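Every heavy atom of this structure was used, including side-chain atoms; hydrogens, water molecules and symmetry mates were not. For clarity, every value in this text was computed on a predicted model and none was experimentally measured.
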Amino acid sequence: MSTNSRIRTFGTREAGPGRPVYVTGEIGINHNGDIENAFKLIDAAAEAGCDAVKFQKRTPEICTPRDQWDIERDTPWGRMTYIDYRHRVEFGEDEYRQIDEYCKEKGIDWFASPWDTEAVAFLEKFDVPAHKVASASLTDDELLRALRATGRTVILSTGMSTPKQIRHAVEVLGSDNILMCHATSTYPAQAEELNLRVINTLQQEYPNVPIGYSGHETGLQTTLAAVALGAVFVERHITLDRAMWGSDQAASVEPQGLTRLVRDIRTIEASLGDGVKKVYDSELGPMKKLRRVTGVVAEAEIAAAAGEPVTV
Ligand SMILES: C=C(OP(=O)(O)O)C(=O)O
């Protein structure tokens, strides 16, 4: 247990200021109901160096409005009703047991966003490191209360939500065990609507809550900018191929991009440092060569400057 109130535990990993950015590959339903696709996406996330993969868990009869059930649509599996389609892309216990085992083998966490309270009970059959509240569920107090009762870390995504709705959700969840994500819920989100400075606004408004970023933009730069602004958790949708069938695929990152994203996040977090101005040993050589000594500066003083905070 950490004494830092902005550190959250994810099983054996931790997220928060001073910890490595916790990077999550959001598989969501991009597996299209095929466990082999899920395994390939887990492979891609593990190889890229992600900390976790994430799924979405729904009870179709609860999450699908009744008037939509019988509407027919064309799918890659033929023409079917919307409720049949929702079942077609939903994994059951057998698949999640396989996912659980596979993720353990690969050394990567997995968790999900439950979209209803039955889904919370379902996920509680597994020792998941966290649960997530999708932006669309932020106003679902019953779901939030069920998630709080699990005692696990809860990631609260804040797309499509007003400051008042966010404050209410935090009251219901309590702030001790949550990590909040800035998000814009359009797929794909446009740069002009990402408003990444909200990360800093949330940091100020919720000083005891670690703030992360859940991105739906195309490209990687803006997610890297979120990390530079202090996001301690990052989630991006991942796909095997952006051209695959499914509403989230086009705004998702393919395996090669994911590898670049994690690599660049690690470089940025290393480069942010501790904010204390100092002279590095490695600068002494260039200092000797390049700085004209205008006063009496003994070599010993230059050497002593290395690693010392500047007090001028
Ligand atoms: C839709 C989800 O999250 P977000 O709102 O962060 O995109 C989700 O986690 O299921």
Any side-chain donor near an acceptor of the partner, T223 and R236, under 3.5 Å: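 Indeed, the side chains of T223 and R236 share at least one donor-acceptor pair under 3.5 Å.
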
Donor on one side chain, acceptor on other, S175 and N208, under 3.5 Å: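 No, no side-chain donor-acceptor contact under 3.5 Å.
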
Can you confirm whether more than 12 heavy atoms, excluding those of [X], are under 6.0 Å from its [atom1] atom?
{"X": "R97", "atom1": "CZ", "value": "yes"}
{"X": "E142", "atom1": "CD", "value": "no"}
{"X": "E118", "atom1": "CD", "value": "no"}
{"X": "R66", "atom1": "CZ", "value": "yes"}

Electrostatic pair [X]-[Y], nearest N-O below 4.0 angstrom:
{"X": "R260", "Y": "D264", "result": "no"}
{"X": "K125", "Y": "E93", "result": "yes"}
{"X": "D109", "Y": "R152", "result": "no"}
{"X": "D43", "Y": "K106", "result": "yes"}
{"X": "R86", "Y": "E61", "result": "no"}
{"X": "R148", "Y": "D176", "result": "no"}
{"X": "E26", "Y": "K132", "result": "no"}

side-chain hydrogen bond (donor to acceptor under 3.5 Å, both in side chains) assessment of E217 paired with T222: CA-CA 8 Å; E217 65 271 36; T222 42; 2.9 Å; yes

All side chain to side chain contact (heavy atoms under 4.5 Å, CB included) counterparts of S161, not counting sequence neighbours: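 With sequence neighbours excluded, S161 shows a side chain to side chain contact (heavy atoms under 4.5 Å, CB included) to L138, Q165, I166, given in chain and number order.
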
Any I265 side-chain heavy atom under 4.5 Å of V262 side chain: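 They are not in contact (no side-chain heavy atoms under 4.5 Å apart), so the answer is no.
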
pair H216-T184: side-chain heavy atoms closer than 4.5 Å: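 Side-chain contact under 4.5 Å: no.
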
Under a 3.5 Å distance rule, please check whether [X] uses its side chain to pair with a backbone N or O of [Y] as donor and acceptor.
{"X": "S137", "Y": "V133", "value": "no"}
{"X": "R266", "Y": "V21", "value": "yes"}
{"X": "D116", "Y": "T59", "value": "yes"}
{"X": "T158", "Y": "C181", "value": "yes"}
{"X": "N32", "Y": "D34", "value": "no"}

Partner set under ring pair (Phe, Tyr, Trp, His ring centres under 6.0 Å) for H131, not counting sequence neighbours: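 H131 satisfies ring pair (Phe, Tyr, Trp, His ring centres under 6.0 Å) with no other residue.
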
May I ask you to decide if the ring planes of [X] and [Y] are parallel, tilted or perpendicular, using 30° and 60° as cut-offs?
{"X": "F39", "Y": "Y102", "answer": "tilted"}
{"X": "H182", "Y": "Y213", "answer": "tilted"}
{"X": "F91", "Y": "Y96", "answer": "perpendicular"}

Nearest atoms (heavy-atom pairs only) where P255 meets L240: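 Nearest heavy atoms, P255 then L240: CD-O, 4.1 Å.
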
Spacing of OG1 belonging to T239 relative to CG belonging to L41, to within rounding of 0.5 Å: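 One finds 6.5 Å between OG1 of T239 and CG of L41.
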
ILVMFWY cluster membership beyond Y85 - transitive side-chain contacts under 4.5 angstrom: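 Once heavy-atom contacts under 4.5 Å are chained together, Y85 belongs with I29, W77, M80, Y82, V89, W245.
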
